[in-house]
Amino acid sequence: TVDLVRELCGLRHEDENDPTSAMISTGAGASRLHELLPIFLGDLPQLELVLRSVLLSSGPCPVPPDEAGRLFPTLFELMVRSYRELEQDGDESVRRRLHGDIMWLLRQYQHEEALASALMLSQTYGFVDGIFFAAEKLGRFQLLMSWCFARGDAKRLV
């Protein structure tokens with residue numbers, strides 16, 4: 001299914017023999033990727049895989065910036081949800097790698113709308129580093145102070 005969606009959207013790996021190579025766009029179909037996402041509603045891990053292959057590509061993002069902006073909140077939510085599940089009963093090394101991927105994604109999409117989505121989703125799923133990163137970038141220092149005082153974690157403010 002993932003390969004079919006990539007084909008329909010004109011996305012392929014730069015080096016077709018290396019599945020870890022950067023994704024590139026081979027046509028205008030990449031701007032319609034969001035229209036095909038309902039295919040994955042019953043299989044969220046596959047949806048996360050597709051979105052990761054596009055938004056976490058090692059090269060330049062193969063979809064137009066406005067399309068990437070529409071896809072960001074979906075991938076971010078899937079990733080912080082997975083992180084929360086791993087906190088309860090997961091492999092520490094997998095959790096650390098996922099944490100790194102989430103933070104890399106946040107650093108790539110720092111426009112106001114993406115940061116606002118990330119802040120809301122980080123609060124919802126308890127992803128503390130996402131809360132701090134997004135709130136700092138958005139200049140919401142009062143929110144950070146309130147969060148720290150509510151949890152008795154004044155050390156984080158420093």
Side-chain angles (χ1 to χ4, degrees), residues 1-16 18-87 94-144 146-147 156:
T1 307
V2 172
D3 290 335
L4 175 62
V5 169
R6 286 181 186 150
E7 180 68 30
L8 290 172
C9 292
L11 300 171
R12 66 173 178 80
H13 287 282
E14 193 172 47
D15 178 356
E16 293 189 29
D18 180 8
T20 63
S21 67
M23 291 292 290
I24 59 172
S25 177
T26 60
S31 63
R32 295 189 341 253
L33 181 60
H34 71 279
E35 295 173 6
L36 298 173
L37 295 184
I39 294 170
F40 297 102
L41 284 180
D43 192 353
L44 295 180
Q46 285 291 328
L47 176 58
E48 185 175 344
L49 181 64
V50 168
L51 293 177
R52 277 175 165 266
S53 72
V54 173
L55 297 179
L56 292 177
S57 176
S58 59
C61 186
V63 296
D66 60 327
E67 178 72 5
R70 283 192 294 269
L71 299 173
F72 168 82
T74 304
L75 177 57
F76 190 81
E77 180 173 4
L78 292 170
M79 292 174 76
V80 294
R81 183 186 294 177
S82 295
Y83 185 81
R84 183 176 176 181
E85 290 169 3
L86 285 171
E87 278 185 324
V94 172
R95 195 170 67 92
R96 264 187 266 127
R97 187 176 66 237
L98 181 57
H99 180 277
D101 288 347
I102 293 169
M103 294 307 294
W104 188 88
L105 182 67
L106 265 176
R107 288 183 195 98
Q108 299 308 307
Y109 297 92
Q110 291 192 33
H111 58 303
E112 189 172 350
E113 188 176 311
L115 288 169
S117 293
L119 179 59
M120 180 196 66
L121 291 166
S122 294
Q123 289 176 307
T124 301
Y125 291 101
F127 186 65
V128 178
D129 288 341
I131 294 170
F132 274 78
F133 184 87
E136 284 177 11
K137 293 292 183 182
L138 291 168
R140 297 193 182 159
F141 301 108
Q142 185 64 41
L143 174 76
L144 291 177
S146 298
W147 188 92
R156 280 195 187 264

Any salt bridge (Lys or Arg N to Asp or Glu O under 4.0 Å) pairs touching residues 44-54, not counting sequence neighbours?
->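 For residues 44-54, and leaving out neighbouring residues, the salt bridge (Lys or Arg N to Asp or Glu O under 4.0 Å) pairs sorted by first residue read E48-R52, R52-D101.
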Pairwise salt bridge (Lys or Arg N to Asp or Glu O under 4.0 Å) hits with a residue in residues 108-127, at least two apart | none
Which atom names give the shortest non-hydrogen contact between Y109 and A114, and what distance separates them?
->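 Heavy atoms only, the tightest pair is O-CB, 3.4 Å.
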On a heavy-atom basis, the closest approach of G69 and P73 is O-CD, 3.3 Å
Below 3.5 Å, can you tabulate the donor-acceptor pairs from side chains in residues 125-138 to any protein atom, sequence neighbours excluded?
residue, atom, partner, partner atom, Å
Y125, OH, E77, OE2, 2.8
Y125, OH, R81, NE, 3.4
Y125, OH, R81, NH2, 3.2
D129, OD2, H99, NE2, 2.6

Hey, could you give me the [atom1]/[atom2] distance between [X] and [Y], rounded to the nearest 0.5 Å?
X    : Y    : atom1 : atom2 : value
L115 : F72  : CG    : CZ    : 7.0 Å
R140 : S146 : CZ    : OG    : 12.5 Å
L44  : L49  : CG    : CG    : 12.5 Å
L55  : W104 : CG    : CH2   : 8.5 Å

Residues in salt bridge (charged side-chain N to carboxylate O under 4.0 Å, His left out) contact with R97, at least two apart in sequence or another chain | none
Given L106, L121, L98, the one that forms side chain to side chain contact (heavy atoms under 4.5 Å, CB included) with M79 =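 By the side chain to side chain contact (heavy atoms under 4.5 Å, CB included) criterion, M79 pairs with just one of L106, L121, L98: L98.
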Excluding sequence neighbours, so at least two apart, what forms side-chain contact (heavy atoms from CB on, under 4.5 Å) with R96?
->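 In terms of side-chain contact (heavy atoms from CB on, under 4.5 Å), with neighbours along the sequence ignored, R96 is linked to E92.
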